[in-house]
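Atoms considered below: every heavy atom in the structure, side chains included; atoms not considered: hydrogens, waters and symmetry mates.
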Amino acid sequence: MSGERGGAAVRRAEIPMLRAYRLWFEHTRRCADGCKGVRKAQDGCETGRELWGAYRLARIAPGKRESP
């Protein structure tokens, strides 16, 4: 016995709102165009503002998905 479960591994789907926030957060950590170190998301670069907008939309419309 190797401790593995029998059957296929179940991959959990990421909640769209949390995925959008994670993408924005990861962007701000790496962005050299203005997102790193700003206090407000709207003060960041264009890509950062777009990612933040996607997060806000995911918060208010949790049942709807947006195509990337």
Side-chain angles (χ1 to χ4, degrees):
M1 287 187 206
S2 62
E4 294 180 40
R5 292 183 182 188
V10 176
R11 187 173 192 174
R12 295 184 184 191
E14 192 171 11
I15 297 170
M17 181 185 76
L18 296 179
R19 180 181 182 276
Y21 184 83
R22 179 182 55 79
L23 291 173
W24 171 79
F25 184 78
E26 289 174 355
H27 168 79
T28 60
R29 303 277 300 194
R30 289 183 258 120
C31 180
D33 294 333
C35 287
K36 196 171 190 174
V38 297
R39 290 183 162 236
K40 296 180 181 179
Q42 59 262 34
D43 294 339
C45 73
E46 184 177 350
T47 303
R49 290 191 306 265
E50 288 174 2
L51 289 168
W52 185 254
Y55 165 68
R56 289 191 55 162
L57 287 174
R59 280 186 59 199
I60 61 172
K64 298 179 182 177
R65 287 199 173 179
E66 187 176 335
S67 301

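Aromatic ring pairs are classed by plane angle as parallel below 30°, tilted from 30° to 60° and perpendicular above 60°; the pair W24 and Y21 is tilted.
Side-chain contact between R49 and E46 is present, with at least one heavy-atom pair separated by less than 4.5 Å.
I15 and L57 are not part of a single hydrophobic cluster, where members link through side-chain heavy atoms under 4.5 Å apart. Both L23 and Y55 sit in one connected hydrophobic cluster of ILVMFWY residues. Membership requires side-chain heavy atoms under 4.5 Å apart, directly or through other members.
When all heavy atoms of G48 and C35 are compared, the closest pair comes out as CA-SG, 3.8 Å. Counting all heavy atoms, side chain and backbone alike, E14 lies closest to R22 at OE2-NE, 3.0 Å.
Shown here is L18, whose CG atom has more than 12 heavy atoms of other residues, nucleotides or ligands within 6.0 Å.
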